[in-house]
Amino acid sequence: MPRSIAPVESAREHGAPWQHELAKAVRDVDELCRLLGLSVGDLPAAAAVFPLLVPRSFVARMRPRDPRDPLLLQVLPTPAEDGVVAGFTTDPLRERDAIAAPGLVHKYHGRALVLAAAGCAVNCRYCFRRDFPYVEHGATRAGVAMALEAVAADAELHEVILSGGDPLLLDDERLGEVVRRIEAISHVRRLRIHTRLPIVLPARVTDGLVAILRGTRLASVVVIHANHPAELDDDVAAACARLASAPAILLNQSVLLAGVNDSADILAALSERLVEMGIVPYYLHLLDRVLGTAHFEVGEEVARGLLDALRRRLPGYAVPRLAREVPGEPAKVWIG
Ligand SMILES: *Cc1c(COP(=O)(O)O)cnc(C)c1O
Ligand code: SF4
């Protein structure tokens with residue numbers, strides 16, 4: 001099962017506050033609906049393998065009694081997920097073909113992605129890796145060690161991307177260990193972290209995490225993942241400011257999602273808020289055609305129209321790159 005959440009174990013007695021918060025995340029649809037004053041709808045069969053998971057601080061940013069709330073739609077399992085739609089499969093990106101070593105996805109020149117953790121602090125219904133067999137592909141302690149051996153053996157790799165799942169589910173001690181191992185590889189110059197934790201669980205950005213980034217010789221880039229401006233409250237802004245102080249370059253990636261952010265007003269507000277927080281809008285991804293996510297898809301023509309609208313309204317640095325991942329291409333494909 002890709003999404004079983006392991007790290008709560010260590011939170012039981014000695015964990016950091018963020019680990020306690022994660023342990024108390026909402027996992028029950030009835031409870032979520034009760035918290036928001038909503039009636040409970042039917043559940044998809046998909047929820048049995050990819051269950052509801054959402055931290056309470058993220059729930060607190062949702063509007064009560066609004067079944068169309070854009071944050072709620074990202075996390076609530078709905079019967080639409082059981083629909084079978086032509087072209088939507090469990091591995092549209094053929095990531096399993098790009099496994100260069102256990103725990104290592106190497107598709108693009110100079111950089112490779114380490115599957116550092118098997119779970120996330122939130123289960124996003126549109127997730128492109130919702131069916132990914134993480135553990136089988138090395139998102140384990142032993143897998144990370146093998147992945148880094150493969151990085152050490154390839155002098156063309158200058159950047160290691162910690163991904164997952166969410167690599168910030170590793171605690172500071174373990175993460176520090178991983179960063180020291182990466183640092184010991186002389187041809188690696190940059191560390192990139194792909195994480196949604198500063199958004200959904202901002203308490204994860206501890207002084208210890210900032211110290212790890214501050215203490216490394218590697219240049220640090222942190223790519224966060226927010227899709228809607230309502231995700232970006234003051235706690236998130238403070239967490240991002242702590243990260244930036246390391247220093248780290250902060251970028252955001254979003255997924256274009258029907259009903260969540262498929263409007264020029266929302267996307268423009270998201271970009272403006274990000275820039276005010278010191279974060280550069282990096283990618284706006286077209287949905288990967290993963291089984292169970294078709295109801296989130298926004299067509300390419302509509303997406304191009306939205307991008308045009310953003311370009312007319314925003315400074316160039318605030319316009320994200322509209323991108324699609326195409327298996328076999330040497331980079332993400334930019335659209336428009
Ligand atoms: C998206 C991705 C990257 C990073 O691509 P950038 O364009 O550098 O952000 C690296 N490796 C894999 C396997 C990816 O999917
Ligand atoms: S945070 Fe990213 S990897 Fe994790 S469930 Fe959401 S989209 Fe998927």
Side-chain angles (χ1 to χ4, degrees), residues 2-5 7 22 25 46 49-55 58 71 73-77 91-101 103-132 134 137 139 147 151 157-169 190-201 204 221-228 231 249 251-257 260 280-288 290 292-293 296 320-334:
R3 296 268 161 206
S4 55
I5 296 304
L22 178 57
V49 279
F50 188 54
L52 171 76
L53 175 63
V54 57
F58 195 74
L71 278 56
L73 292 180
Q74 295 179 54
V75 302
L76 182 69
D91 186 17
L93 304 182
R94 297 211 308 267
E95 285 206 308
R96 293 156 178 80
D97 298 347
I99 305 285
L104 191 72
V105 185
H106 186 187
K107 282 188 184 170
Y108 304 146
H109 180 78
R111 55 214 194 273
L113 198 142
V114 173
L115 301 171
C120 290
V122 62
N123 282 346
C124 310
R125 305 320 298 177
Y126 55 85
C127 179
F128 69 120
R129 291 204 185 113
R130 57 183 277 167
D131 300 304
F132 194 76
Y134 282 106
H137 284 300
V151 171
L157 285 176
H158 302 305
E159 177 170 337
V160 170
I161 303 172
L162 296 181
S163 180
D166 201 310
L168 292 190
L169 280 188
R190 289 186 301 277
L191 171 70
R192 192 192 321 184
I193 298 177
H194 280 185
T195 178
R196 205 172 186 202
L197 273 170
I199 304 296
V200 298
L201 203 63
R204 171 63 188 96
V221 181
V222 179
V223 185
I224 62 167
H225 170 181
N227 299 312
H228 190 284
E231 294 170 43
I249 295 174
L251 308 173
N252 180 65
Q253 52 183 343
S254 308
V255 182
L256 184 57
L257 297 167
V260 173
V280 179
Y282 180 36
Y283 280 134
L284 176 61
H285 295 280
L286 288 180
L287 186 81
D288 298 315
V290 172
T293 67
F296 284 117
R321 289 157 201 173
L322 180 64
R324 180 197 287 288
E325 192 161 334
V326 180
E329 289 296 318
K332 302 209 194 297
V333 177
W334 297 6

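In listed order, ligands and their atoms are each counted from 1. Along the sequence shown, residues are numbered consecutively beginning with 1.
Looking at Asn123, its side chain never comes within 3.5 Å of a backbone N or O of Phe50 through a donor-acceptor pair. No donor-acceptor pair closer than 3.5 Å links the side chain of Arg130 to the backbone N or O of Cys124. Looking at Asp166, its side chain does come within 3.5 Å of a backbone N or O of Leu197 through a donor-acceptor pair.
Contact residues of ligand 1 (protein heavy atom closer than 4.0 angstrom to a ligand atom; sorted by chain and number): Val105, Lys107, Tyr108, Arg111, Leu113, Ile161, Arg192, Tyr282, Tyr283, Glu325, Lys332.
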Apply the test salt bridge (charged side-chain N to carboxylate O under 4.0 Å, His left out) to residues Arg324 and Glu329: give CA-CA distance (whole Å), side-chain angles for both, the deciding distance (0.1 Å), then the verdict. CA-CA 10 Å; Arg324 180 197 287 288; Glu329 289 296 318; over 6 Å; no
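Residue Arg196 has at least one heavy-atom neighbour below 4.0 Å for each of these atoms of ligand 2: 1 (S). If you number the atoms of ligand 2 from 1 as listed, the ones under 4.0 Å from a heavy atom of Val122 come out as 5 (S). Short contacts between ligand 2 and Cys120, defined as distances under 4.0 Å to a heavy atom of the residue, involve ligand atoms 1 (S), 3 (S), 4 (Fe), 5 (S).
Arg204 and Thr195 share no donor-acceptor pair across their side chains, judged by distance under 3.5 Å alone.
Counting heavy atoms under 4.0 Å from ligand 2, residue His225 touches it through the side chain alone.
When the side chain to side chain contact (heavy atoms under 4.5 Å, CB included) test is applied to Leu73, the partners found at least two apart in sequence or on another chain are Arg68, Val260. Listed by chain and residue number, Arg96 satisfy the side-chain hydrogen bond (donor to acceptor under 3.5 Å, both in side chains) test with Asp91 (two or more places apart in sequence, or in another chain).
Sorted by first and then second residue, the side-chain hydrogen bond (donor to acceptor under 3.5 Å, both in side chains) pairs involving residues 103-114 (not counting sequence neighbours) are Lys107-Glu325.
Not a single heavy atom of Asp166 sits less than 4.0 Å from an atom of ligand 2.
Under 2.8 Å from atom 6 (Fe) of ligand 2 lies an N/O/S atom of Cys124, whether from backbone or side chain. In summary, Cys127 places an N/O/S atom under 2.8 Å from atom 8 (Fe) of ligand 2, meeting the contact criterion.
Leu53 has its side chain out of reach of Val122: every pair of non-hydrogen atoms, C-beta onward, lies at least 4.5 Å apart.
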